[in-house]
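Working notes, structure below.
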There are 2 protein chains.
Amino acid sequence: MRERSLVLSRPGVRSFTTAVDVVLLTPPPRERTLAVLLVRPTDPRARDRWVLPWDAPQSGEGPEDAAIRVARGALGTTPAALEQVAAFGDARRHPGEAQLSVAFVGLVPYGLDANHPTTAEWMEIGELPQLAPRQREIVDAAVSAVRRRVDQSPLAFRLLPSAFTLSELQAIYEILLGRRLHKASFRRALRAASLVEPTDEWRSEGRGRPAQLFRYAPRRRRGLRRGVRFDLYD
Amino acid sequence: MRERSLVLSRPGVRSFTTAVDVVLLTPPPRERTLAVLLVRPTDPRARDRWVLPWDAPQSGEGPEDAAIRVARGALGTTPAALEQVAAFGDARRHPGEAQLSVAFVGLVPYGLDANHPTTAEWMEIGELPQLAPRQREIVDAAVSAVRRRVDQSPLAFRLLPSAFTLSELQAIYEILLGRRLHKASFRRALRAASLVEPTDEWRSEGRGRPAQLFRYAPRRRRGLRRGVRFDLYD
DNA sequence: TCAATAGTGTCTGTTAGACATTATGGA
DNA sequence: TCCATAATGTCTAACAGACACTATTGA
């Protein structure tokens with residue numbers, strides 16, 4: 001009996017044309033929503049078409065290396081956090097169009113300017129210009145990925161300086177999660193999670209009572225039964 | 001002032017050698033852990049090296065199409081659920097080794113045999129043979145992805161026939177989550193989520209009181225404030 | 001004094017997990 | 001009768017969200 005042909009162990013000679021797309025997100029000053037960095041292609045025929053920063057990987061480069069390079073190229077600096085979102089594939093073969101895109105999200109601290117102000121711009125999600133359908137899908141998936149992960153990893157702290165007020169921290173969480181939080185519950189959850197510790201410094205915003213500064217200082221928790229959870233608004 | 005060179009808008013001409021790896025998971029009969037389908041390469045020089053079912057995408061095929069084809073090739077049938085895990089990249093270029101792998105998880109109902117019993121085998125996670133480091137990483141990521149998603153999507157129901165007992169459902173959840181659940185809390189959470197409805201049939205397992213059969217019947221919930229959550233064991 | 005923001009204490013309804021109990025079949 | 005499994009009721013501690021209140025600054 002002849003062995004049936006297997007799809008399983010054939011040498012992998014086919015290639016996707018591969019690109020890395022990077023969704024850079026920042027909490028813009030004085031706003032309550034996230035902003036995405038979009039760039040205008042330099043090709044004059046497509047200057048009204050905003051796209052995500054992207055590039056094809058160079059040889060000797062893994063996808064994450066390429067994403068860091070793309071982010072640095074667009075920002076002039078490395079984002080505070082960079083994580084893969086997913087791979088987005090396409091069966092159609094269009095000339096010049098990437099077949100496979102590996103998408104990354106990067107979080108950028110408060111108020112960092114884009115490297116190329118003439119071609120790149122922070123645009124608020126919710127007020128995005130028309131994008132190619134797949135780029136739109138990538139942005140949405142990136143925002144969802146951040147919202148899923150912000151409770152489980154210290155993403156929010158990377159967007160703040162080493163000392164911060166709890167109101168600033170809450171504002172970052174609200175922007176990342178896209179919803180208002182209840183102040184007392186937020187602080188209670190922070191205490192239960194032992195994520196921050198107070199410093200002996202205070203900061204006055206000009207009006208209102210000065211706020212104590214805290215620093216990120218996660219402690220091993222014996223009893224943390226659930227992740228930090230908080231709901232609804234103040 | 002000359003415009004600085006941009007990494008942002010260069011045509012994407014470079015390619016990764018691309019593969020699709022598929023992690024097929026099943027709740028094996030009479031066991032409390034998941035099992036992964038591994039295959040032995042047909043290449044006689046590597047017959048002691050277990051690998052995940054995989055292939056390179058064909059032209060005109062998206063990554064998901066390729067994953068479905070690989071899964072059907074290994075199982076003889078389509079898995080009950082198939083979702084992307086992530087892309088796994090590698091900067092090194094080894095001859096014959098894929099640079100970029102898009103990994104998928106597939107869930108396979110209870111007790112389905114592999115298509116090629118001489119070369120493929122269900123092996124329990126936790127008792128896996130030695131795998132290449134990246135394959136190991138892919139398996140771990142696939143299991144984690146299932147555990148993250150099982151609360152948010154009806155994955156568990158796809159592994160059961162249309163009518164099932166609540167004990168069977170709980171067993172599937174326990175296997176997918178990798179931990180025991182509290183019976184009363186599990187049923188309370190099910191009621192709150194309005195995911196199932198009773199049929200008028202009962203099934204006797206031979207000993208003990210017969211169990212009522214239920215079917216998956218999700219209802220729009222006005223009040224479902226959180227996902228279905230349950231912790232600890234019975 | 002008021003406005004504005006920071007920070008805290010207490011109450012209440014909900015719920016997860018523990019525990020106990022009843023129900024129903026086979027041996 | 002005993003055992004095994006199904007199914008449900010009740011209790012309690014923990015907790016999320018609501019609410020109210022005090023504290024501290026500048027105008």
Side-chain angles (χ1 to χ4, degrees), chain A residues 29-30 32 150-151 160 163-175 177 179-215 221-234, chain B residues 30 32 150-151 160 163-174 177 179-215 221-234:
Chain A
R30 310 188 190 295
R32 298 201 153 275
V150 69
D151 265 17
L160 290 168
F164 48 83
T165 71
L166 296 188
S167 296
E168 290 170 339
L169 181 62
Q170 181 175 344
I172 293 291
Y173 267 99
E174 289 177 343
I175 290 170
L177 289 169
R179 62 166 201 261
R180 304 295 304 277
L181 300 175
H182 184 82
K183 181 169 68 166
S185 297
F186 178 75
R187 296 180 182 218
R188 214 167 20 203
L190 271 183
R191 289 190 73 82
S194 296
L195 285 176
V196 299
E197 68 184 15
T199 70
D200 50 5
E201 288 181 284
W202 299 72
R203 177 197 298 157
S204 177
E205 234 21 272
R207 60 176 171 275
R209 172 176 170 178
Q212 191 169 15
L213 296 181
F214 288 75
R215 71 170 68 91
R221 279 294 281 182
R222 57 229 166 277
L224 180 57
R225 28 185 74 212
R226 336 197 175 169
V228 182
R229 297 176 45 74
F230 17 75
D231 283 296
L232 279 189
Y233 45 90
D234 187 38
Chain B
R30 308 185 191 297
R32 298 201 153 275
V150 69
D151 265 17
L160 290 168
F164 47 83
T165 70
L166 296 188
S167 296
E168 290 169 340
L169 182 62
Q170 181 174 345
I172 292 291
Y173 266 98
E174 289 178 344
L177 290 169
R179 64 166 200 260
R180 304 295 301 278
L181 299 175
H182 184 81
K183 182 168 69 169
S185 297
F186 178 74
R187 295 179 182 218
R188 214 169 18 205
L190 272 182
R191 288 190 74 84
S194 298
L195 286 176
V196 299
E197 68 183 17
T199 70
D200 50 5
E201 290 180 284
W202 299 72
R203 177 197 299 158
S204 178
E205 233 24 92
R207 60 175 172 277
R209 173 176 168 178
Q212 191 169 17
L213 295 182
F214 287 76
R215 70 169 69 91
R221 277 296 279 181
R222 59 230 168 274
L224 181 56
R225 28 184 77 211
R226 338 202 171 159
V228 182
R229 297 177 44 75
F230 19 73
D231 284 295
L232 280 190
Y233 44 89
D234 187 41

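Letters A, B, ... mirror the listed sequences (proteins, then strands); counts begin at 1. Note that the structure is predicted; figures quoted are calculated from it, not measured.
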Which whole-number value in Å describes the distance from Arg187(A) CZ to dA18(D) P? 16 Å
Between Ser204(B) and dG25(C), is there a side-chain N or O to OP1/OP2 distance below 4.0 Å? no
Any ion pair linking Glu201(A) and Arg215(A) (charged N to carboxylate O, less than 4.0 Å)? no
From Lys183(B), Arg188(B), Arg187(B), residue fulfilling side-chain hydrogen bond (donor to acceptor under 3.5 Å, both in side chains) relative to Ser185(B): Arg188(B)
Would you kindly check whether a donor in the side chain of Arg209(A) faces an acceptor in the base of dA6(C), or vice versa, at under 3.5 angstrom? yes
By the 4.0 Å heavy-atom rule, please label Thr165(A) as base, sugar-phosphate, or nothing. nothing
Would a 4.5 Å heavy-atom cut-off, applied to side chains only, mark Leu190(A) and Leu169(A) as touching? yes
Of Trp202(A) and Gly208(A), the one whose closest nucleotide on DNA chain C sits nearer the 5' end is Gly208(A)
Interatomic distance, Gln170(B) CD vs dT5(D) P [rounded to whole Å]: 13 Å
Examine Phe186(A) together with Tyr173(A) and report whether their ring centres are nearer than 6.0 Å. yes
Of the candidates dA7(D), dG9(D), dG7(C), the side chain of Lys183(A) sits closest to dG7(C)
Check: dA18(D) base within 3.5 Å donor-acceptor of His182(A) side chain: yes
Report the nucleotide, chosen from dA6(C), dA6(D), dG25(C), that has the shortest atom-to-atom distance to any side-chain atom of Pro210(B). dG25(C)
NZ/NE/NH1/NH2 to OD/OE distance under 4.0 Å, Glu174(A) and Arg32(A): yes
Starting at atom CZ of Phe186(B), determine the distance to atom P of dA6(D), rounded to an integer number of angstrom. 12 Å
On DNA chain D, nearest-nucleotide positions of Glu168(B) versus Arg188(B): which is more 5'? Glu168(B)
Is Arg207(A) close enough to dA3(C) that one of its side-chain N or O atoms is under 4.0 Å from OP1 or OP2 there? no
For Gly206(B) and Phe214(A), find the nucleotide of DNA chain C closest to each by heavy atoms; which residue's nucleotide sits nearer the 5' end? Phe214(A)
Using a heavy-atom cut-off of 4.0 Å across all strands, would you classify Glu205(A) as base, sugar-phosphate, or nothing? nothing
